[in-house]
**Q** 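The structure is given below, and queries will be raised subsequently.
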Amino acid sequence: MKAVNLPVSAGMNERNNLTVGGCDLAGLAKEFGTPLYIMDERTVRERCREYVKCFRANYPNTEVVFACKALCVTGILEIIASEGLGFDVSSGGELYTALRAKADPKKLYFHGNNKSPGEIRAGLSAGVGRFVVDNIYELKNLDAATRELGLRAEVLVRVNPGIEAHTHEFVQTGKVDSKFGVPLDQLAVLVKEVKKLELVSLKGFHAHIGSQIFDFAPFAAEAKLLLELTQEYGTAEIDLGGGLGIPYLASDQLPPIEEFARQVTAVLKGKTEAKLVLEPGRSIVGQAGVTLYAVGAVREIPGVRKYLIVDGGMSDNPRYVLYGAQYEAYPVSHPDAPRDETVTIAGRFCESGDLIIKDGKLPAVKAGELIAVAATGAYNYSMASNYNRVPRPAMVVVSRGRAELAVKRESYEDLVSNDAI
Ligand SMILES: *Cc1c(COP(=O)(O)O)cnc(C)c1O
């Protein structure tokens with residue numbers, strides 16, 4: 001069972017069941033319950049290695065850091081850290097988790113467009129390698145915190161490059177009208193401010209143009225712009241952010257990291273010695289994850305639509321609701337059967353819009369059967385909620401026939417544990 005939207009270890013066993021990491025998904029449902037997030041260790045490791053290898057082959061002075069917000073779980077960050085990657089953290093909570101996963105603080109890039117003074121102090125005390133300054137207000141807070149603690153901060157300035165990438169509006173971040181980054185016409189003023197500060201030093205520039213991007217041209221334009229700023233200000237680091245897309249559907253084209261690396265580094269090669277930083281999130285963990293659901297009610301509205309209602313939905317995967325994101329599902333039993341039905345996979349939550357897949361093609365699936373939704377490793381668990389007071393699912397990491405619990409399933413007791421009255 002090979003498909004570009006499934007983990008690299010996906011297969012089918014002698015019972016004709018879908019397997020990931022050598023584990024039968026029906027067995028995982030029995031052992032851990034559903035819904036269940038399943039993460040394939042091999043896919044995560046392969047993606048980390050591919051990034052590092054492809055970029056360093058073209059441009060040796062490259063550092064790859066994982067954007068934690070895509071999936072911030074101690075066990076997953078440990079796997080990624082063991083591949084030598086650093087982390088992009090964008091909140092105190094992500095910083096805390098990365099440190100708990102024993103990340104090297106020097107390889108942490110602290111992002112965010114409104115870090116609180118407390119978060120800034122936590123970052124300084126932890127010794128994070130880089131603060132990414134988003135605006136002048138934040139720079140003032142950073143300056144105050146460095147003087148208060150007597151600690152130095154090395155910063156990248158996030159610029160808003162005014163580049164439009166072809167992706168969903170909500171995940172587009174680099175166009176002129178954006179809440180992120182310093183507009184180019186205000187950059188000189190901000191850099192001048194940074195240079196005045198005693199304990200803050202400017203290392204370079206950062207931009208992040210959006211997410212789920214398949215087209216390399218906007219990245220090349222971004223690299224060119226940051227190269228020009230690097231030359232203009234004599235800085236030493238170019239941080240291109242993340243944003244590379246992944247195939248959500250089996251018919252999607254896999255954007256080859258190798259080609260991405262070639263095109264981006266071609267802009268820089270021979271023109272600068274600056275360190276290149278990449279911050280992939282989705283393209284490290286997205287394809288490694290599948291979500292396992294049990295199908296409950298099947299509602300067929302003749303001539304209108306057939307609904308399969310699953311035991312999860314928008315609280316474990318809000319991406320259809322947020323962006324109309326597309327997914328594909330595989331039945332656990334006979335995942336390779338012909339996809340001759342058009343069905344809508346709906347969740348159990350009290351919103352009509354709570355869908356996972358609208359009008360997708362699937363083999364016939366009956367009530368009580370299991371389905372696996374592909375490519376849910378990024379921005380699913382990390383965006384999960386407790387809507388309708390539904391406990392968040394467990395997560396297992398699978399590898400070589402073994403499944404290890406990475407996140408426990410929440411209990412009702414967990415749900416009320418912060419209710420103070
Ligand atoms: C979200 C984000 C990333 C990761 O984006 P992906 O699309 O998941 O690769 C990297 N850097 C910054 C600053 C981000 O905000």
Side-chain angles (χ1 to χ4, degrees), residues 1-52 66 68 70-85 87 97-98 100-103 246 281-294 311-312 316-317 329-336 369-378 380-382 384 391-411 414:
M1 194 64 218
K2 289 288 160 213
V4 291
N5 58 348
L6 283 174
V8 294
S9 71
M12 206 166 71
N13 64 13
E14 64 293 345
R15 270 179 255 134
N16 296 307
N17 281 350
L18 182 60
T19 64
V20 177
C23 296
D24 185 323
L25 266 49
L28 293 181
K30 240 186 222 135
E31 186 176 353
F32 297 99
T34 56
L36 181 67
Y37 295 113
I38 298 163
M39 288 297 297
D40 179 38
E41 182 172 340
R42 205 175 111 201
T43 306
V44 174
R45 289 193 184 278
E46 281 189 13
R47 288 293 169 268
C48 292
R49 286 171 202 180
E50 212 178 334
Y51 259 101
V52 172
F66 172 64
C68 280
L71 180 60
C72 197
V73 165
T74 309
I76 300 291
L77 299 192
E78 279 174 356
I79 292 170
I80 296 172
S82 76
E83 293 294 333
L85 274 65
F87 297 104
T97 312
R100 194 163 175 265
K102 303 199 179 58
I246 61 159
R282 187 191 311 272
S283 51
I284 297 284
V285 293
Q287 195 200 344
V290 303
T291 306
L292 191 59
Y293 299 104
D311 53 356
D316 59 77
N317 181 359
Y330 294 82
V332 168
S333 172
H334 294 89
D336 59 343
E369 289 191 50
L370 295 166
I371 60 166
V373 174
T376 59
N380 274 234
Y381 174 79
S382 65
R392 273 172 288 206
M395 181 184 297
V396 293
V397 175
V398 293
S399 176
R400 298 197 183 95
R402 283 189 56 239
E404 196 176 353
L405 192 63
V407 181
K408 280 194 288 190
R409 186 174 299 281
E410 279 178 336
S411 64
D414 292 329

**Q** Rounded to the nearest 0.5 Å, how far apart are CG of D336 and NZ of K2?
**A**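 Going from the CG atom of D336 to the NZ atom of K2 covers 13.0 Å.
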**Q** Please name all residues satisfying side-chain contact (heavy atoms from CB on, under 4.5 Å) with A378, sequence neighbours left out, ordered by chain then number.
**A** A70, R282, V285
**Q** Between A406 and V397, what is the shortest heavy-atom contact and its length?
**A**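 Answer, listing the atom of A406 first, then V397: CB-CG2, 3.8 Å.
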**Q** Nearest 0.5 Å please: distance from the CG atom of L71 over to the CE atom of M395.
**A**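 Here the rounded value is 4.5 Å.
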**Q** Taking side chain as C-beta onward, heavy atoms only, is K408 less than 4.5 Å from D414?
**A** no
**Q** Answer yes or no: is there a side-chain heavy-atom contact under 4.5 Å between C48 and F66?
**A**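 With C-beta onward as the side chain, the pair stays apart.
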**Q** Could you verify whether a donor N or O on one side chain and an acceptor N or O on the other, from T376 and N317, lie under 3.5 Å apart?
**A**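 Short answer, no.
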**Q** Answer yes or no: is there a side-chain heavy-atom contact under 4.5 Å between I79 and M39?
**A**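 Not touching, per the 4.5 Å side-chain cut-off.
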**Q** Side-chain contact, heavy-atom cut-off 4.5 Å: D316 with Y293?
**A** yes
**Q** Between I284 and I80, which heavy-atom pair has the shortest distance, and what is it?
**A** CG2-CD1, 4.1 Å
**Q** Considering residues at least two apart in sequence or located in another chain, which fulfil the side-chain contact (heavy atoms from CB on, under 4.5 Å) criterion with A329?
**A**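 Scan of A329 (side-chain contact (heavy atoms from CB on, under 4.5 Å), adjacent residues dropped) gives I345, I357, L362, I371, V373.
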**Q** Can you name the residues that form a salt bridge (Lys or Arg N to Asp or Glu O under 4.0 Å) with R45, not counting sequence neighbours?
**A**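 Applying salt bridge (Lys or Arg N to Asp or Glu O under 4.0 Å) to R45 gives E41, E83.
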**Q** Distance-only check: which donor-acceptor pairs under 3.5 Å involve side-chain atoms of residues 16-27, not counting sequence neighbours?
**A**
| unit_1 | atom_1 | unit_2 | atom_2 | d |
| --- | --- | --- | --- | --- |
| N16 | ND2 | H334 | NE2 | 3.4 |
| N17 | ND2 | D24 | OD1 | 3.3 |
| N17 | ND2 | D24 | OD2 | 3.1 |
| T19 | OG1 | G11 | N | 3.4 |
| T19 | OG1 | G11 | O | 3.2 |
| D24 | OD1 | A26 | N | 2.8 |
| D24 | OD2 | N13 | ND2 | 2.8 |
| D24 | OD2 | R15 | NH1 | 3.0 |

**Q** What residues, two or more places apart in sequence or in another chain, satisfy salt bridge (Lys or Arg N to Asp or Glu O under 4.0 Å) together with E369?
**A**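 Testing E369 for salt bridge (Lys or Arg N to Asp or Glu O under 4.0 Å), a comparison that skips the adjacent residues, returns K366.
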**Q** Going by the side-chain contact (heavy atoms from CB on, under 4.5 Å) test, name the single residue among L370, T291, V396 that passes it with L36.
**A** V396
**Q** Go through the steps for R392 and V407 under the test side chain to side chain contact (heavy atoms under 4.5 Å, CB included), then give the verdict.
**A** CA-CA 10 Å; R392 273 172 288 206; V407 181; over 6 Å; no
**Q** Could you check L28 against V398 for side chain to side chain contact (heavy atoms under 4.5 Å, CB included), going step by step and ending with a plain yes or no?
**A** CA-CA 10 Å; L28 293 181; V398 293; 3.9 Å; yes
**Q** In chain order, what residues pass the side-chain hydrogen bond (donor to acceptor under 3.5 Å, both in side chains) check against E50, with sequence neighbours excluded?
**A**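 Partners of E50 by the side-chain hydrogen bond (donor to acceptor under 3.5 Å, both in side chains) criterion, ordered by chain and then number, come out as R47.
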**Q** Please list all pairs meeting side-chain hydrogen bond (donor to acceptor under 3.5 Å, both in side chains) that have one or both residues in residues 396-406, counting only residues at least two apart or in different chains.
**A**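 Passing the test, one end in residues 396-406: no pairs.
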**Q** With sequence neighbours left out, what residues match N5 under side-chain hydrogen bond (donor to acceptor under 3.5 Å, both in side chains)?
**A** E328, Y330
**Q** List the residues meeting side-chain hydrogen bond (donor to acceptor under 3.5 Å, both in side chains) with T97, not counting sequence neighbours, and say none if there are none.
**A** none
**Q** Among pairs that include at least one residue of residues 27-50, which meet ring pair (Phe, Tyr, Trp, His ring centres under 6.0 Å), considering only residues two or more places apart or in two chains?
**A** Y37-Y381
**Q** Of all the heavy-atom pairs spanning T43 and S9, show the shortest one and how long it is.
**A** OG1-N, 4.4 Å
**Q** Could you work out, with side-chain hydrogen bond (donor to acceptor under 3.5 Å, both in side chains) as the rule, every residue matching T74, not counting sequence neighbours?
**A**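 Scan of T74 (side-chain hydrogen bond (donor to acceptor under 3.5 Å, both in side chains), adjacent residues dropped) gives R100.
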**Q** Does any N or O in the side chain of Q287 come within less than 3.5 Å of the main-chain N or O of P7, such that one atom is a donor and the other an acceptor?
**A**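 No; judged by distance alone, with no hydrogens or angles, the pair does not exist.
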